[in-house]
Amino acid sequence: MLVLAGAGSGKTRVLTHRLAYLIHRREVHPNDILAITFTNKAAREMRERCEALIGDSIRGMWIGTFHGIGLRILRLNAERLGYSSSFAIFDRADQQRLIKDILKEQNLSEKQWQPNAILDRISRAKNDLLGPADFKPGDYFEQKVADLYVDYQKRLFEYNAMDFDDLIRLTTHLLLAHPDIGTHYAEKFQHVLVDEYQDTNHAQYRLIKAFSKIHRNIFAVGDSDQSIYGWRGADIGNILRFESDFPEADIYKLEQNYRSTSPILEAAHRIIRHNAARQEKELWTRRDGGDPVIFYHAPSAEMEARFVVSYIEQLAREENRPWSDFAILYRTHAQSRLLEMTCHERSVPFRILGSVGFYDRTEVRDALSLLRVIANPQDWVSVRRIINRPKRGIGPASLDKIQQFAEANGLNIHEVLANPESVPGLNKPQRLGLARFGQGLISVLQDVQQRSPAEILEAALDAVDYWTYLDELEPITSFSRRDNLRELIASAQQFVVDVRRGLIPGAEDIESQGQGALLAFLNGVALVTDVDTYEESENQVTLLTLHSAKGLEFPVVFMVGLEEGLFPHARSLLESTALEEERRLCYVGMTRAEDRLIMTSAASRSYYGEYPSPTVISRFIDEIGEDMLAELEPRESESCLMPPADHKLGASLNRSAPKKEKQKEMSAPKVKWQAGEKVRHRVWGEGRIVGCQRREDDVELTIVFDSEGLKTVVADYAPLEQVKD
DNA sequence: ATGCCCACGATTTTT
DNA sequence: TCGTGGGCAT
């Protein structure tokens, strides 16, 4: 069954009621039901709401993210793939470390072979279920990637580690290549429910098929208009093809929206209908007669931020709204800085979702590396990270010696540390340093089985003198790092409590101490994100990217930076599929709003501390159309302050502000070229100016060429001519 | 091995 | 603007 569930149409409700129905009415055992979501938050919410319906009877049900479910199955069957069940999970930072080490060994420069580009390509291959042996390189770049992929995967295996994509890919492989295991799970799972089906990639699609091979009960819920993870390998085709994929399936559409007022829905629909690849549906609501969608074009990015924050203050005051009613959505994290500063100035309480996450902080990563070395002695990425903190005189050269010695003799780090003097070629300070580290760690290892994750963490930090290391830092840094480490310890304590209460899916059978508990804790940490920890209850304005806003809703939503090149993002301008994804992103953002939606742009904005340059208002604003937008005029004296108070019916608003003329005013007349103009370059052909940057004595133009993509040229020298638009 | 300075380049979104 | 990698002195 496929349920095409429009934004705000109650898909979580459908899913939870279906689960409750299966267990309660159809008497399916919860153990035999698999429900897959994309975020832990969604999984938690589904579990809670289902519990509210049928109480304890959901115990044992498989609810989790793709990665979480994959992990759980892989832990149980790791040996069948040649891994040990204590394998580590490598996040992007670990992956980068690993690929950089490989590049270094092969004397390849990171400039020429950018680690992120390589990892992206490997990730795409994995999402297509292509292993190192199956990967067929197309161009020169991919030939190198193919080589690196082989080494990268070999190294992961040696380190007993998997990256995020492996959690899906290897699970699928496990089920397909080992018929006994595949049949076991396919027999077991009588019902497979999938949330956000439009965001599945090929590997996930195959995994779902493998799970449901025998009972053939797939219940997929999704919305092709909300597919925003194409860049991460999600294949919108999965949902578009559902009918032909499963000819015996029933399809339902949910088109009533229970969230937003009708102006918001209509504006959103005007955007999304510009897309070609979609399953037609039109949302309707009983919430007629809401406030019009507001558009405000600020003179500058600073003014835009001030407008947003003062508008929030005004609405909070006039409509007696708590801060938590408001969300500010932006395309890129970089945009959060200005808004953050402005909130700060005005003492408006806020929180930023998803920037530098808790688990990305140096000290937290250090501490987790320590635990990972304890849990999985083959994880050399973690060994290399932690072994010299605090300084023990063991730099890169010594590290290589130690690791080479270990590899040559088939030893893991625990075994090396038991006998540190056996490592050849080290000088005295290095030998002493290694021995010191070894003594500390081994003392912790001895009673891992009798200790909880929190106790192990505390003991380990003590044993390797980590606190001393913090002492050497600036007092302020040192203080906040201690704070964070205490928080990490507290979260480890909380983890044990959660396990006991059965709140950690797949960890019901885990003890509260020892190696198993430690691994479970590390797993949990590896898969959580900032959005997962978001709590509605805190009374703060929420700042977040459009992507992380998916699945959330707010009474008042601000979408900022509606400018060509920013949103839609410059990298999407060349490809129509990418542009359509931007459009869906816009749709997702708009449909987060319950009562009020305010969209803004700035006439000038600076990137990376450069001089501000003029911008072009986003095409999305045009697509909504002036008749649907209440446009606020910036007022000279107080443009940074309040919008008109009586905007309710849009009566006092300039509803058809002459945008195009305004743009002309913005760029200084002495500049020959303007952003937005169509031009022809003698070599690169036709393109459109998207940025115009004044330097000391020249003008730099950023141009998207039809054939060449994004280029930057100096206006005085570039062979450019104007083209009629 | 370590620490400091300088130049450089990148900035989309994240389970 | 910021983080980082390379070069160089200690």
Side-chain angles (χ1 to χ4, degrees), chain A residues 36-43 64-71 89-93 95-96 100 103-104 109-111 114-117 119-120 123 126-127 162-169 195-196 199-201 203-204 227-234 329-338 353-357 359-360 362 388 390-399 401 426-430 433 472 523 526-532 544-551 561 565-573 578 581-582 584-586 588-589 606-611 710 712:
Chain A
I36 309 176
T37 60
F38 267 80
T39 65
N40 296 299
K41 184 170 185 291
T65 60
F66 271 104
H67 295 86
I69 301 282
L71 174 63
I89 299 168
F90 274 18
D91 67 10
R92 190 59 176 226
Q95 298 181 61
Q96 273 187 11
K100 282 181 180 177
L103 288 170
K104 186 132 214 175
S109 87
E110 289 179 22
K111 297 265 152 80
Q114 288 183 11
N116 267 325
L119 288 172
D120 280 345
S123 171
K126 288 186 172 187
N127 288 335
M162 298 182 188
D163 62 22
F164 281 138
D165 300 314
D166 282 342
L167 295 181
I168 315 282
R169 171 182 150 260
D195 192 13
E196 310 278 18
D199 282 330
T200 49
N201 60 39
Q204 290 165 334
S227 160
I228 56 174
Y229 285 108
W231 53 274
R232 208 167 74 184
L329 275 48
Y330 36 79
R331 178 65 238 263
T332 68
H333 277 305
Q335 292 168 260
S336 70
R337 269 255 299 283
L338 254 182
L353 240 53
S355 48
V356 188
Y359 295 103
D360 291 329
T362 318
N388 207 27
K391 303 249 168 301
R392 299 184 174 89
I394 305 174
S398 304
L399 256 169
K401 281 180 200 159
L426 295 183
N427 293 325
K428 194 162 186 197
Q430 283 71 29
E472 293 159 12
N523 293 340
L527 297 183
V528 292
T529 65
D530 234 31
V531 186
D532 295 324
L544 71 174
T545 63
L546 287 153
H547 281 88
S548 33
K550 192 167 78 159
L566 184 57
F567 191 36
H569 196 273
R571 298 209 180 186
S572 72
L573 295 178
E581 184 153 309
E582 295 285 300
R584 291 193 291 269
L585 191 55
C586 187
V588 166
S606 64
Y607 294 90
Y608 346 109
E610 289 271 9
Y611 292 109
L710 210 58
T712 303

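Bear in mind that the values here come from a model prediction, so they are computed numbers and not experimental data. Below, chains carry the letters A, B, ... as their sequence lines are ordered, and counting in each starts from 1. Because only heavy atoms are used, hydrogens play no part in the values below, and waters and symmetry mates are left out as well, while side chains stay in.
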Open item on the list: Taking the basic N atoms (NZ, or NE/NH1/NH2) and the acidic carboxylate oxygens, is any pair closer than 4.0 Å for A/R92 and A/D120?
Closed with: yes

From [atom1] of [X] over to [atom2] of [N], roughly how many Å is that when rounded to an integer?
X	N	atom1	atom2	value
A/K100	C/dT4	NZ	C1'	8 Å
A/Y229	B/dT12	OH	C1'	11 Å
A/L103	C/dG5	CG	P	12 Å
A/E582	B/dT12	CD	C1'	8 Å
A/L546	B/dT14	CG	C1'	14 Å
A/H569	B/dT11	NE2	C1'	8 Å
A/R331	B/dT11	CZ	P	14 Å
A/L585	B/dT14	CG	P	10 Å

Pairs under 3.5 angstrom, nitrogen or oxygen only, protein versus nucleotides 8-10 of chain C, please.
none

Nearest to the side chain of [X], which nucleotide is it out of [options]?
X	options	value
A/T332	B/dT13, C/dC2, B/dT15	B/dT13
A/R571	C/dG5, B/dT11, C/dC2	B/dT11
A/T65	B/dT13, B/dT15, C/dG6	B/dT15
A/S548	B/dT14, B/dT15, B/dA1	B/dT14
A/H333	B/dT12, C/dT1, B/dT13	B/dT13
A/S398	B/dA1, B/dT13, B/dG3	B/dA1

Open item on the list: Test your reading of the model: is there a side-chain donor-acceptor pair from A/R331 to the backbone of A/L566, 3.5 Å cut-off?
Closed with: no

- [ ] Between A/P396 and A/R232, name the one whose nearest nucleotide on DNA chain B is closer to the 5' end.
- [x] A/P396

So what does [X] touch, heavy atoms closer than 4.0 Å: a base, only the sugar-phosphate, or nothing?
X	result
A/F38	sugar-phosphate
A/R92	nothing
A/Q430	sugar-phosphate
A/S572	nothing
A/D91	nothing

Under the side-chain contact (heavy atoms from CB on, under 4.5 Å) test, which residues partner [X], sequence neighbours left out?
X	value
A/I36	A/L34, A/F66
A/Q430	A/S398, A/L426, A/N427
A/P390	A/R392, A/D465, A/Y469

TODO: Look up atom CG in A/D165 and atom CG in A/N201, then write down how far apart they are to the nearest 0.5 Å.
DONE: 8.0 Å

TODO: Calculate, to the nearest 0.5 Å, the distance between atoms CG and CD1 belonging to A/L71 and A/I168 respectively.
DONE: 10.0 Å

Open item on the list: According to a cutoff of under 5.5 Å between the ring centres and under 30° between the ring planes, does A/H547 stack with the base of B/dT12?
Closed with: no

Open item on the list: Once hydrogens and angles are ignored, does a donor-acceptor distance under 3.5 Å link the base of B/dT13 to the side chain of A/W231?
Closed with: yes

- [ ] List for me each residue that meets side chain to side chain donor-acceptor pair (under 3.5 Å) alongside A/Q204, sequence neighbours excluded, and say none if there are none.
- [x] none

Open item on the list: Could you work out, with side chain to side chain donor-acceptor pair (under 3.5 Å) as the rule, every residue matching A/T545, not counting sequence neighbours?
Closed with: A/S548

TODO: With sequence neighbours excluded, tell me which residues meet ring pair (Phe, Tyr, Trp, His ring centres under 6.0 Å) with A/Y330.
DONE: none

Open item on the list: Test of understanding: with ring pair (Phe, Tyr, Trp, His ring centres under 6.0 Å), list the residues that count as partners of A/Y229, not counting sequence neighbours.
Closed with: A/W231, A/H547

All N/O pairs under 3.5 Å across the protein-nucleotides 4-10 of chain B interface:
none

